[in-house]
Amino acid sequence: MKRIAIFASGNGSNFQAIVDAFEKGALDGRPALCVCDKPQAFVIERAKKAGIPLLVAAPKDFESKAEYEKHIGERLEAEGIDLICLAGYMRIIGPVLLEKYGGRIINIHPSLLPAFKGAHAIRDAFEYGVKVFGVTIHFVNETLDGGKIISQEAVPYTGNDIEELEGMIHKVEHHLYPSTINMLLKETRD
Ligand code: GRF
């Protein structure tokens with residue numbers, strides 16, 4: 001079974017959705033490592049509870065971004081990771097990891113890319129007056145929310161309640177991420 005690392009910086013509801021899919025027997029890979037760059041993030045509790053190996057590393061404790069990524073890369077290698085899933089990981093992946101895992105790193109973003117890149121995509125789209133929101137899963141390259149699109153799902157919404165909208169978008173994320181991982185792993189199954 002292919003081995004998946006999930007990178008997260010915060011709440012980790014997408015991490016949880018991937019783990020839940022695995023526990024239900026609905027994931028074609030194994031969540032084998034959680035990588036977190038924020039020592040206070042709630043995703044750490046989730047990983048501990050689920051018994052998923054955890055690497056917590058804060059970039060400020062390293063001399064450079066390259067050193068930080070080297071440290072992560074060594075652990076990824078030790079764990080035999082095949083696919084990296086960014087799930088609310090609030091950093092741009094640098095050359096060290098891209099060189100090692102290029103084409104095997106994916107990200108989930110809460111908009112229909114290439115519209116509304118960045119950390120506040122839902123709010124930005126809502127304030128713009130968008131009527132069809134959505135979720136994108138894409139390969140990761142050196143640019144923010146760039147890289148070839150793998151899957152998308154639209155979320156039509158014409159209401160006025162951003163919390164309701166956020167809930168709808170996250171619900172879509174939580175099924176689209178596991179199903180997209182399955183699609184990718186099936187394509188690369190050896
Ligand atoms: C999600 O909306 C994801 O699309 C974005 O960051 C958010 C992470 O949420 N990249 P969570 O930490 O998985 O709950």
[X] vs [Y] side-chain heavy atoms within contact, under 4.5 Å:
X: Asp37; Y: Arg91; result: yes
X: Leu76; Y: Leu97; result: yes
X: Ile4; Y: Phe22; result: no
X: Arg75; Y: Pro53; result: yes
X: Glu69; Y: Ile93; result: yes
X: Glu166; Y: Phe126; result: no
X: Lys65; Y: Pro95; result: no

Item checked: Atom CZ of Arg30 with >12 non-hydrogen neighbours under 6.0 angstrom ->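 Not buried by this count: 12 neighbours or fewer within 6.0 Å.
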
Notebook entry, point to check: Would one find more than 12 heavy atoms of other residues, nucleotides or ligands at under 6.0 Å from atom CG of Asn160?
Noted result: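 No, CG of Asn160 has 12 or fewer neighbouring heavy atoms, counting only those of other groups under 6.0 Å.
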
Hey, could you give me the [atom1]/[atom2] distance between [X] and [Y], rounded to the nearest 0.5 Å?
X: Glu67; Y: Ile72; atom1: CD; atom2: CD1; result: 12.0 Å
X: Ile105; Y: Tyr89; atom1: CD1; atom2: OH; result: 10.0 Å
X: Thr158; Y: Leu165; atom1: OG1; atom2: CG; result: 10.5 Å
X: Cys36; Y: Phe42; atom1: SG; atom2: CZ; result: 12.0 Å
X: Glu79; Y: Leu55; atom1: CD; atom2: CG; result: 9.0 Å
X: His71; Y: Phe62; atom1: NE2; atom2: CZ; result: 4.0 Å

Indicate if [X] and [Y] have the same hydrophobic cluster label, given that clusters are the connected sets of ILVMFWY residues with side-chain heavy-atom separations under 4.5 angstrom.
X: Met168; Y: Val130; result: yes
X: Leu86; Y: Val35; result: yes
X: Phe116; Y: Ile162; result: yes
X: Leu98; Y: Ile108; result: no
X: Ile6; Y: Met1; result: yes

Just distance, no hydrogens or angles: give the donor-acceptor pairs under 3.5 Å from side chains in residues 133-140, sequence neighbours left out.
from   : atom 1 : to     : atom 2 : distance (Å)
Thr136 : OG1    : Ser111 : O      : 2.6
Thr136 : OG1    : Leu113 : N      : 3.0
Thr136 : OG1    : Gln152 : NE2    : 3.0
His138 : ND1    : Gly146 : O      : 2.6
His138 : NE2    : Asn107 : ND2    : 3.1

Give me the atom names and distance for the closest heavy-atom approach of [X] to [Y].
X: Gly129; Y: Lys131; value: O-NZ, 3.0 Å
X: Glu77; Y: Tyr101; value: N-OH, 3.6 Å
X: Lys100; Y: Arg104; value: O-NH2, 3.4 Å
X: Ser9; Y: Ala41; value: O-CB, 3.4 Å
X: Asp145; Y: Gly118; value: OD2-N, 2.7 Å
X: Tyr177; Y: Ile106; value: OH-O, 3.4 Å

Margin query: What I want to find out is whether Lys49 reaches Glu45 closely enough, with some N-O distance under 4.0 Å, to be called a salt bridge.
Written below: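 No.
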
Item checked: Identified side-chain contact (heavy atoms from CB on, under 4.5 Å) counterpart of Ile181 within the set Ile18, Asp28, Leu176 ->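 Exactly one option meets the side-chain contact (heavy atoms from CB on, under 4.5 Å) with Ile181, and it is Ile18.
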
Next item on the list: Test Asp20 against His174 for side-chain contact (heavy atoms from CB on, under 4.5 Å), laying out the working first.
Entry: CA-CA 10 Å; Asp20 290 349; His174 298 160; over 6 Å; no

Item checked: side-chain hydrogen bond (donor to acceptor under 3.5 Å, both in side chains) pairs, two or more places apart, involving residues 117-129 ->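 Sorted result for residues 117-129: empty, none.
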
Margin query: So does Asn11 get a backbone contact from the side chain of Arg46, meaning a donor-acceptor N/O pair under 3.5 Å?
Written below: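 Yes, Arg46 side chain to Asn11 backbone: donor-acceptor pair under 3.5 Å.
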
Item checked: Any donor-acceptor N/O pair, Ser151 side chain to Thr180 backbone, under 3.5 Å ->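 Looks like no, no N/O pair under 3.5 Å.
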
